[in-house]
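Take a look at the structure below.
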Amino acid sequence: MHIPDGFLSPSVWSIAWLFSAGGLAYCVKKVREILKDKMVPLMGVMAAFIFAAQMLNFPVAGGTSGHLLGGVLAAVLLGPCAGAIVISCVLVVQCLIFQDGGLTALGANIFNMAFVGTVVGYFLYRVLAKVIGGAKGIMTGAAIASWFSVVLASSVCALELALSGTSPLKIALPAMAGVHTLIGIGEAIVTCLVIGFVLKVRPDLIYNYQEEK
Amino acid sequence: MNKRNIIFGLLIALLLAILLSPFASPWPDGLEKVAEEKGFLEKGEVQPSFTSPIPDYSWPGIGSEKIATSMAGIIGTLIVFGMGYGVAALLKK
């Protein structure tokens, strides 16, 4: 759901830039306080993995493809703020080097994927993981939250398209949310595969693992 | 994370980028498809505001589309790794 240039009106993309810049400034401040040594290389590895996985479009129904967003995946391992920074790094490189997502729309893409998809998704994961508890809670929370994060991010994208006068909400919202309910299933599968693997080999890499247990 | 973990993680990302990305689905993604069906795709066909060095994940000037995609994948994965690591290292200071 990388928005290209031209889809958003100047007022929508400039406001999205402001939100994203403010959000990133907050995350930078927060991460400075909580960043642990082991998280430093993990941020590089997660960014690399999510970038590579985002290249792997999988087919969903009706001649449409989808790929991993990775927001909840990053946040389960790194927490919401470092997760948002990692997703933003991926989006910046995709925009500047690969022309995936417009430069004017980059603020909106960061807002949708790094904040709605990552931070909001993380809090849903956190609640579910706490309520259910244990490794099962982490897995179930990650599955549901990652699916939901994709649907929610695509809905916010539809809202931005509507506010820009590109496509009316009653058309854009069901279309975007509809196709992303399918893409979200892929998101949940990949997220659970990776989290399941990490739980097996290095459970300490899960953010706040002691608390979640 | 020790060195072995880092290399292992990066290697997985590189392998995905090299081996699988050439076989990714060429179909339009969710937003593109919606834009196509709901008739606003042409709105995105504006002159890009700048020229990207590797547009559309395809290394320019390589005959084989699959190899061009793999090359773009390697470079992108390494750049993003460096950026994520670098930003984290700066924040750690």
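We name chains A, B, ... by the order of the sequence lines, and we start the count at 1 in each one.
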> Is it the backbone or the side chain of B:Lys38 that comes under 4.5 Å from a heavy atom of chain A, or both, or neither?
Replying inline: side chain

>> So which residue, A:Val93, A:Ile171, A:Leu96, A:Val31, ends up with the most heavy-atom pairs under 4.5 Å with chain B?
In response: A:Leu96

>> Side chains of B:Leu91 and A:Ile85, heavy atoms from C-beta outward: is any pair under 4.5 Å?
In response: yes

> Step by step, would you call A:Phe58 with B:Ser25 a side chain to side chain contact (heavy atoms under 4.5 Å, CB included)?
Replying inline: CA-CA 5 Å; A:Phe58 49 84; B:Ser25 168; 5.8 Å; no

> B:Glu32, B:Gln47, B:Lys43: which one forms the most heavy-atom pairs within less than 4.5 Å of chain A?
Replying inline: B:Lys43

>> Which one wins on heavy-atom pair count under 4.5 Å against chain A: B:Pro22, B:Pro53, B:Gly9, B:Ala35?
In response: B:Pro53

>> Let's test your reading of the structure: which of B:Ala89, B:Gly44, B:Ala17 forms the most heavy-atom pairs below 4.5 Å with chain A?
In response: B:Gly44

> chain B: which of A:Leu205, A:Thr104, A:Asp37, A:Val86 shares the most heavy-atom pairs with it under 4.5 Å?
Replying inline: A:Asp37

> With respect to chain B, which residue among A:Leu35, A:Thr64, A:Val45 yields the maximal number of heavy-atom pairs within a distance under 4.5 Å?
Replying inline: A:Thr64

>> Using every non-hydrogen atom in the two residues, find where A:Met43 and B:Gly84 come nearest and quote the distance to one decimal.
In response: CB-O, 4.0 Å

> Among A:Cys89, A:Gly102, A:Ser167, which residue forms the greatest number of heavy-atom pairs with chain B at distances under 4.5 Å?
Replying inline: A:Cys89

> Between A:Pro4, A:Ala52, A:Ser65, which has the largest tally of heavy atom pairs under 4.5 Å with chain B?
Replying inline: A:Ser65

> What option among B:Leu15, B:Asn5, B:Asn2, B:Ile12 has the most heavy-atom pairs under 4.5 Å with chain A?
Replying inline: B:Asn5

> Side chain, backbone, both or neither: which part of B:Phe8 has a non-hydrogen atom closer than 4.5 Å to chain A?
Replying inline: side chain

> If you count heavy-atom pairs under 4.5 Å between each of B:Leu14, B:Leu78, B:Leu41 and chain A, which one has the most?
Replying inline: B:Leu41

>> At a 4.5 Å cut-off on heavy atoms, which part of A:Val92 comes close to chain B: side chain, backbone, both, or neither?
In response: side chain

>> Which heavy atom of B:Gly73 sits nearest to which heavy atom of A:Met55, and what is that distance?
In response: CA-SD, 3.5 Å

> Is chain A contacted by the side chain of B:Ser58, its backbone, both, or neither, given a heavy-atom distance below 4.5 Å?
Replying inline: neither

> Which distance, rounded to the nearest 0.5 Å, do you find between the CD1 of B:Ile6 and the CG of A:Leu42?
Replying inline: 9.0 Å

> Which bit of A:Leu8 is near chain B, if near means a heavy-atom gap under 4.5 Å: side chain, backbone, both or neither?
Replying inline: neither

>> Restricting to non-hydrogen atoms, name the atom on B:Tyr85 and the atom on A:Val40 that form the minimum distance, rounded to 0.1 Å.
In response: CE2-CG1, 3.6 Å

> Would a 4.5 Å heavy-atom cut-off, applied to side chains only, mark A:Leu56 and B:Ser21 as touching?
Replying inline: yes

>> Need one label for A:Asp204: side chain, backbone, both or neither, based on atoms under 4.5 Å from any heavy atom in chain B.
In response: neither

> Of all heavy-atom pairs between A:Gly63 and B:Pro28, which one has the smallest distance, and what is that distance?
Replying inline: O-CD, 3.4 Å

> Would you say A:Ile97 and B:Ser52 make side-chain contact, with heavy atoms under 4.5 Å?
Replying inline: no

>> Quick check on the interface: out of B:Ile74, B:Ile75, B:Val34, who has the most heavy-atom pairs with chain A under 4.5 Å?
In response: B:Val34

>> On a heavy-atom basis, which atom in A:Thr166 and which in B:Phe40 lie closest, and how many Å separate them?
In response: CG2-CD1, 3.3 Å

> So do the side chains of A:Gln99 and B:Tyr57 get within less than 4.5 Å of each other, counting heavy atoms only?
Replying inline: no

>> Let's go through A:Leu161 and B:Leu31 carefully: what are the C-alpha distance in whole Å and the side-chain angles of both, what is the deciding distance for side chain to side chain contact (heavy atoms under 4.5 Å, CB included) to 0.1 Å, and is it a yes or a no?
In response: CA-CA 10 Å; A:Leu161 294 172; B:Leu31 174 61; 3.9 Å; yes

>> Using 0.5 Å steps for rounding, measure from the CZ atom of A:Arg32 to the CG atom of B:Leu90.
In response: 8.0 Å

>> If you define the side chain from C-beta out and look only at heavy atoms, does anything of B:Trp27 sit under 4.5 Å from A:Asn57?
In response: no

>> Are more than 12 heavy atoms, taken from residues, nucleotides or ligands other than A:Lys38, located less than 6.0 Å from that residue's NZ atom?
In response: yes

> So what's closer than 4.5 Å to chain B heavy atoms on A:Val179: side chain, backbone, both or neither?
Replying inline: side chain

>> For a 4.5 angstrom cut-off between non-hydrogen side-chain atoms, does B:Asp56 reach A:Phe98?
In response: no

> Is the shortest heavy-atom distance from the side chain of B:Leu16 to the side chain of A:Phe49 under 4.5 Å?
Replying inline: yes

